Amino acid sequence: TSTIITLYMPPQVKNITGVTYKDQEMGMMDVAVGSIIQGFTDENRTLGNIEGENTGIMAFLRKAGEAVGIDSKELYTLSTGHLVSARMEFVFEAVKKRVFTYQFSFYPKSEKEAMEVESIIKTFRKNMLPAREGKQQDILSLRVPNEFNIEYYYKTAENNFINKVGTCFLTDCDITYGGDKYGTFKQSKTKEGDPGASPTETHMTVTFQEMDIITQEDVDTGF
């Protein structure tokens, strides 16, 4: 769409950048568990010795544990009172896609301004939703919603002190009519000719989901 909407800067503009890591166990030590079981090992033998030996003792302990529903690491803990914990590493997983939420409050001073507010809200809501394709009522075929481009300006030029935003989808559009109390202008008609009365106070919260992930190179270019 070629529609352009210009709004005042909201009270706050947040740029939340995040990445995700996952915990990964490195090197389970089940092979060393049975070293402390009396009758199977020598007092002078260490966990390191037992771990290095390819004997049948460890396999026996694992099978014994499986028979009673307990693994070899639990057998070790029960026997010694110590827990052999696996080494944990953080593995990079993904970059979170950024989400931008803006809150706008409209206090029109006239019925004409109130109708303009209604037009702005309708434009956001319409373009965030899919369009129906085809005329068959028993088949719901939808065209994907429109995309949004967001830019921050100071007067007539783009404000490069605030991060750039990539192409987005509008995922949520919350509208609240009225504040401490609900008030309207006098009864009139909408642009479509339907009767009604324009609210004197309207609040809108819109949430955008950026389509692409950002990288170090994107930060260098202002994102």
Side-chain angles (χ1 to χ4, degrees), residues 1-18 95-135 137 139-214 218 221-223:
T1 178
S2 59
T3 301
I4 297 176
I5 297 177
T6 303
L7 295 173
Y8 61 87
M9 288 294 291
Q12 293 182 334
V13 176
K14 291 186 177 182
N15 173 23
I16 301 176
T17 305
V95 178
K96 296 179 182 179
K97 292 190 176 183
R98 295 188 297 177
V99 175
F100 299 92
T101 299
Y102 306 99
Q103 295 179 336
F104 299 97
S105 294
F106 301 99
Y107 302 94
K109 294 181 176 62
S110 65
E111 185 180 354
K112 180 180 179 181
E113 289 185 1
M115 294 182 70
E116 188 66 25
V117 170
E118 189 229 349
S119 178
I120 290 172
I121 292 173
K122 183 177 180 179
T123 300
F124 276 111
R125 294 184 62 245
K126 181 178 179 179
N127 286 279
M128 74 173 288
L129 296 171
R132 183 188 293 270
E133 291 185 327
K135 297 182 179 180
Q137 295 299 318
I139 298 178
L140 185 61
S141 178
L142 301 175
R143 186 171 67 249
V144 296
N146 289 323
E147 300 169 357
F148 289 78
N149 293 310
I150 301 170
E151 296 177 346
Y152 302 116
Y153 274 75
Y154 177 73
K155 295 184 177 180
T156 59
E158 189 171 1
N159 189 351
N160 292 295
F161 280 90
I162 306 179
N163 64 280
K164 296 181 180 179
V165 181
T167 302
C168 297
F169 286 118
L170 177 56
T171 59
D172 294 278
C173 183
D174 300 333
I175 309 300
T176 301
Y177 298 105
D180 294 334
K181 63 178 182 178
Y182 180 78
T184 67
F185 291 96
K186 64 180 181 180
Q187 185 176 2
S188 61
K189 293 183 178 180
T190 64
K191 291 183 177 180
E192 292 76 20
D194 299 319
S198 306
T200 57
E201 181 179 348
T202 304
H203 303 274
M204 178 178 72
T205 301
V206 286
T207 301
F208 295 90
Q209 170 76 65
E210 199 169 34
M211 296 173 60
D212 298 321
I213 64 172
I214 62 171
D218 294 321
T221 59
F223 284 85

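Bear in mind that the values here come from a model prediction, so they are computed numbers and not experimental data. These numbers come from the heavy atoms of this one structure, side chains and all, not from hydrogens, waters or symmetry mates.
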Q) Aromatic ring centroids of Y8 and F104 under 6.0 Å? A) yes
Q.
Any heavy-atom pair between the side chains of I16 and R98 that's under 4.5 Å?
A. no
Q: Answer yes or no: is there a side-chain heavy-atom contact under 4.5 Å between D212 and T167?
A: no
Q. Can you find a heavy atom in the side chain of I5 that is under 4.5 Å from one in the side chain of F124?
A. yes
Q) With a 4.5 Å limit on heavy-atom distance, are the side chains of V206 and C173 in contact? A) yes
Q.
Are F223 and N163 packed together at the side-chain level, in the sense that at least one heavy-atom pair is separated by less than 4.5 angstrom?
A. no
Q: Find out whether K126 and T3 are in side-chain contact, i.e. whether some heavy atom of one side chain is under 4.5 Å from a heavy atom of the other.
A: no
Q | Expected output: side-chain T171 to main-chain T207 donor-acceptor under 3.5 Å | A | yes
Q | Test item: side-chain donor near acceptor, S188 and E111, under 3.5 Å | A | yes
Q | Test item: I120 and L7 side chains (from C-beta on) under 4.5 Å apart, heavy atoms | A | yes
Q: Evaluate whether atom CG of L140 has more than 12 neighbouring non-hydrogen atoms of other residues, nucleotides or ligands under 6.0 angstrom away.
A: yes
Q.
Looking at T205 and D174, would you say the former's side chain and the latter's main chain have a donor-acceptor pair under 3.5 Å?
A. no
**Q.** E158 atom CD, neighbour heavy-atom count above 12 within 6.0 Å
**A.** yes
Q. Applying the side-chain contact (heavy atoms from CB on, under 4.5 Å) test to N146, which of N127, L129, L170 qualifies?
A. N127
(Q) Is the shortest side-chain heavy-atom distance between N15 and V13 below 4.5 Å? (A) no
(Q) Which residue is it: F100, F169, Y102, F208? I am looking for the one with a ring-ring contact (aromatic ring centres under 6.0 Å, His included) to F148. (A) F208
Q.
Is there a side-chain contact (heavy atoms from CB on, under 4.5 Å) between E210 and C168? Walk through the geometry before answering.
A. CA-CA 4 Å; E210 199 169 34; C168 297; 4.2 Å; yes
Q.
Counting neighbours of OH on Y107 that are heavy atoms of other residues, nucleotides or ligands and sit closer than 6.0 Å, is the number greater than 12?
A. yes
